[in-house]
Amino acid sequence: MTSPFLDLWNRLANVAYQMIWVLVFVTPVLAWALAALVVGPGPNSRWRRAALPVGKAVLFTLALVLVTRLVEAASASMQGGPLGWLNHLVPLSQSSVPGGVRVPWYSVHAVLMVVLPHAVAFLLATLVFAFQESNHKSLSSFRVPLADPLAIVLVVVPVLALVAVNAPWQLEKPRVLLDLAAVLPMLCVALAVWTRSERLAPPPAKEEAPQPQTPAPLRVDVPGLWRKLGALEAQARPLLATQGAASEEPAPAWSAAAWRDAGALGAPPRALEEIANAWSAPNQGWLVGDLPDPTERHFLTSCVLLALQREGLPCLVISDEPEALRDAVLEAISRSGSWPSGPLLAGEAAMREAFAGNRMPAAVFLDVEQLSAGGIRALSEMRGGCGRLWARSVGLVLLSRVDRGTPLASTHRMFTLRRLELALSAAGARWSVLATGVGGAGTRGLVEQMFPGISVREVPFTPRNAAPVRVWRVVEGFRSQPGTPWVRRALEPVVGAKLPAAVGDPGGAFDLKAVDFWGGELRFVRDVSLFGVASVGTLDEAWLVAAYRALAHRVPLADGQTHDALWGLADNPVTRFLTRDGNLDGLSRHGMLMPPRALVGYHNGALATAHLKAAMQEGSQDVESLAAVFGRSRVEQVLGPKFRPERHVVRLAAGRQPVRSPVVPAGVAEVVNPLRRTVSEQVVRVLDVHSGQLLTEVDRLVVETRYYPGRVFAVGDARYEVPLHSLDTKRNELRVKPVPNDRPLTKPQLRIQFESATVVESPQTVRTGRCVYQVCTLDATVVESVTGYSQVGRQGRVDVGAVSCRYRTRVRGVFFPAATSPQVLVHLARSADGVLVAHLLSSDEDMDVVPVGPGMFPDAPAGIVVVDRHLQGMGVAEALDLALIDDTFKWVRAILANCKCANGCPECTPQDVLASGPDKSGVLGLLG
């Protein structure tokens with residue numbers, strides 16, 4: 001035979017052997033395809049169920065190898081081990097084709113002779129197991145853990161196995177395990193197919209308990225129960241009503257699964273997909289507003305679930321109820337059938353313990369108090385734990401109800417989150433922010449102030465499915481009855497009927513013990529709550545607007561039920577205007593029902609200094625970063641003239657040149673928690689005279705007019721009276737006595753004067769139609785005097801000895817160049833004060849609107865001034881931008897113009913203005 005003929009023979013032989021090897025490797029895939037045909041359709045993919053027989057066939061093949069090994073070992077006729085018979089193939093390597101040329105024979109070819117019978121047996125075994133799988137009824141689910149990395153490893157093993165088999169054969173080593181190594185490549189491919197397997201258990205059949213043969217009870221008529229109690233009039237109609245939403249638009253499977261696992265019914269909102277598809281890129285901010293409870297909890301739970309399970313983002317969640325939200329996320333992960341990617345920790349203590357043990361949590365849930373007291377410092381520590389390392393990995397910060405609370409609480413939250421931003425930046429984190437709140441430009445600007453450099457986008461919630469809601473107004477007589485709080489009396493028959501219900505108390509009018517029921521599913525929330533089938537609550541003007549905007553976002557109830565809400569509302573011109581003739585719907589359609597704004601003291605020096613001192617102890621902060629947040633002059637003042645930096649860092653601010661900045665060493669400032677219930681450190685404690693219980697704290701400078709003699713105030717559902725001469729100036733204590741909760745609250749006869757007013761923002765002239773006015777911001781010394789008080793809801797006045805206080809604050813003035821009378825300004829000031837309550841999340845003690853004559857500052861005409869009644873100001877002047885002032889005047893004009901009275905009446909004019917003399921036509925003429 002010629003050499004070319006030998007080359008051709010060798011090539012054909014090699015091609016034949018390679019094709020046989022390919023067929024051997026493809027045998028598991030072929031078996032998989034045949035098994036998919038045999039198992040038939042089922043609860044999940046037939047391909048995933050067909051992969052199970054392939055895995056079982058692996059065990060059969062290994063058992064076959066073991067049996068063959070035992071038989072060969074026991075047979076005396078077989079010498080040289082289990083593969084001794086291959087020695088008879090060795091002479092083939094000495095044979096030759098015609099012409100005398102030897103044909104090469106490789107050890108791998110001999111191994112192939114072992115693989116072929118096992119491949120045939122494997123294929124047959126797979127078909128047998130596939131028939132069994134087609135009739136299998138599993139009571140539990142099955143899925144291969146770590147399927148993807150395991151499959152990659154199994155695909156790489158066959159190549160390594162062939163190399164391992166060839167060497168021992170050529171070196172004439174013992175071949176006891178060569179039969180196992182021969183089938184190993186095929187079995188590895190089969191196991192790689194098996195990693196794709198999955199079996200879903202059929203949904204468990206609900207075992208219905210034997211029921212008595214009685215007709216199913218009808219759905220409880222909640223309004224009917226309230227009518228029987230007298231909470232509703234006999235012919236009462238809903239004050240507000242929404243039709244709900246039922247969109248047939250399909251939602252992505254991943255968002256629908258997360259929404260379902262969070263415990264919500266219906267399809268997920270579009271906001272969930274819009275945000276979840278975008279948060280993989282850092283330095284983004286989103287705000288979702290107008291979410292009632294429980295919609296907000298479902299939404300935040302879904303977001304945390306997707307961030308952890310879908311994106312792998314470590315989350316830092318700031319919430320007023322961190323444990324409850326953590327538990328909701330754990331329940332959602334359990335429903336999804338998976339495990340959390342790491343510990344979910346609630347509270348500062350659990351977080352510190354995990355960091356000390358070098359355990360990296362998947363998510364940390366804290367409230368603002370825990371975050372400020374030691375949470376930020378734990379995220380900044382570089383020694384003795386992994387706090388700073390975890391802070392660097394944070395990918396998403398979630399803020400729940402970011403604008404809730406008093407102006408003081410909102411300001412503390414803002415400064416605390418500014419410190420958090422400094423700590424995360426110092427650690428090198430790159431994160432995004434998701435916040436929920438009332439919504440609107442005010443809340444969006446607040447989040448941007450908390451995290452400078454992150455642009456926040458407001459995302460509409462846009463639900464696909466929502467429950468219909470009916471709102472009823474409680475009868476005033478039922479509400480004012482003495483004894484048990486009216487919210488408990490209204491909910492007792494609902495809870496007694498085994499129905500879930502809620503008390504929404506955003507203003508803090510009730511205490512938890514006043515509505516605590518034993519054996520009922522009742523939720524108490526300091527927010528707008530539409531939980532269960534019925535809810536009750538007391539709302540002021542601002543929360544009436546916020547609650548109206550949230551009605552359309554109530555997630556569906558079971559069986560499409562309607563949620564009934566019973567609201568207690570104040571009786572004043574603004575509330576009557578909003579609830580009359582569909583005005584809420586009309587204002588909403590015309591874009592004039594803006595979300596109320598939170599008051600935040602961005603420029604409050606006392607609070608800023610307290611938080612600056614805390615920030616200096618939280619990580620290695622440098623002067624430039626601190627100055628960007630708290631102001632350079634304040635940083636230099638706290639550091640003092642003796643400050644000498646020991647080291648520096650280089651800061652790369654966006655869009656700026658690198659800056660070499662000195663690092664502030666630890667120990668410059670005292671380590672204290674800056675959160676407190678007063679602005680200054682001069683505090684008067686308000687105590688119960690009988691029990692000595694601390695009720696609240698108040699600044700020493702303003703205690704005289706805030707707690708004047710004879711005042712009746714509420715702490716939750718309890719009421720207290722301030723006795724005469726009860727202030728102890730030596731101990732800085734004010735002891736008050738409890739009174740029955742049917743005692744009416746009091747309203748002071750307040751007089752405000754100004755001294756030493758200085759302009760901090762130049763006056764701006766505004767022209768709207770025929771109305772022309774100037775707006776400016778001033779720092780002024782305010783002198784308050786209280787000479788008497790009146791009881792809310794009753795006529796008359798009680799005179800007391802005059803008390804006064806003096807403090808420095810920031811005010812916002814609106815001045816009218818056109819000549820106007822003091823009577824018109826009084827009417828306008830009182831009307832604007834009532835309207836601003838519907839636009840700002842504030843109380844009567846947070847601000848006041850007073851008329852002023854000309855000359856408040858050089859060349860200033862007469863006008864009205866909005867006073868921030870907090871030391872150094874708490875954000876009233878910042879909230880009153882030109883848009884809000886214009887909106888306020890439009891509301892005043894609409895309230896007065898829509899009333900048919902000639903010159904003011906109780907329907908459109910505050911009661912104190914009616915007593916002093918109204919001038920309705922003058923106000924309308926001034927406002928154009």
Problem - R326 NZ/CZ over F365 ring centroid, <6.0 Å and within 45° of normal - result: no

Practice task
Would you please classify the geometry between the H298 ring and the W259 ring as parallel, tilted or perpendicular, with 30° and 60° separating the classes?
Solution key: perpendicular

Practice task
Would you mind reporting whether P53 and K56 have side-chain heavy atoms less than 4.5 Å apart?
Solution key: no

Exercise for the section: Start with the C-alpha gap between L398 and C315, add the side-chain angles, then the distance that decides, and say whether side chain to side chain contact (heavy atoms under 4.5 Å, CB included) holds. Expected result: CA-CA 7 Å; L398 291 96; C315 297; 4.1 Å; yes

Exercise for the section: Assess whether side chain to side chain contact (heavy atoms under 4.5 Å, CB included) is satisfied between V494 and W226, documenting all intermediate values. Expected result: CA-CA 9 Å; V494 180; W226 287 338; 4.1 Å; yes

Handout entry: Option passing side-chain contact (heavy atoms from CB on, under 4.5 Å) with R554 (candidates L530, T242, L291)
Key = L530

Practice task
For the pair R464 and E273, find out whether any cationic side-chain nitrogen is under 4.0 Å from an anionic carboxylate oxygen.
Solution key: yes

Exercise for the section: Report yes if the side chains of P238 and W472 come closer than 4.5 Å at any heavy-atom pair, otherwise no. Expected result: yes

Problem - Close side-chain approach of F524 to L522, heavy-atom, < 4.5 Å - result: no

Handout entry: Non-hydrogen side-chain atoms of L551 and V471 separated by less than 4.5 Å
Key = yes

Handout entry: Nearest-0.5 Å distance that lies between atom CZ in F531 and atom CG in L557
Key = 9.5 Å

Practice task
Flag the pair L544 / W567 as yes when at least one side-chain heavy-atom distance between them is below 4.5 Å, and no otherwise.
Solution key: yes

Exercise for the section: Check the side chains of R418 and Q449 for a donor-acceptor pair under 3.5 angstrom, ignoring hydrogens and angles. Expected result: yes

Handout entry: R392, CZ: over 12 other non-hydrogen atoms inside 6.0 angstrom
Key = no

Completion exercise
Heavy-atom nearest pair, W339 first then I333, reads C-CG2, 3.9 Å

Fill in the blank from the handout: For S535 and H563 the tightest heavy-atom approach is OG-NE2, 2.8 Å

Practice task
Search all heavy atoms of R523 against all heavy atoms of V525 and return the closest pair with its distance.
Solution key: CG-CG2, 3.5 Å

Practice task
Count the heavy atoms belonging to other residues, nucleotides or ligands that lie under 6.0 Å from CD of E323, then report whether that count exceeds 12.
Solution key: yes

Exercise for the section: State, yes or no, whether a side-chain contact exists between C303 and W279 at a heavy-atom distance under 4.5 Å. Expected result: yes

Completion exercise
For V402 and A435 the tightest heavy-atom approach is CG1-CB, 4.3 Å

Problem - Close side-chain approach of Y548 and S588, heavy atoms under 4.5 Å - result: yes

Problem - Shortest non-hydrogen contact from G405 toward S410 - result: O-OG, 3.8 Å

Practice task
Keeping the roles fixed (side chain from H553, backbone from D290), state whether a donor-acceptor pair exists under 3.5 Å.
Solution key: yes

Problem - Residues, nucleotides or ligands: over 12 heavy atoms within 6.0 Å of R335 CZ - result: yes

Practice task
Scan side-chain atoms only and decide if S336 and D261 contain a donor-acceptor pair under the 3.5 Å cut-off.
Solution key: no

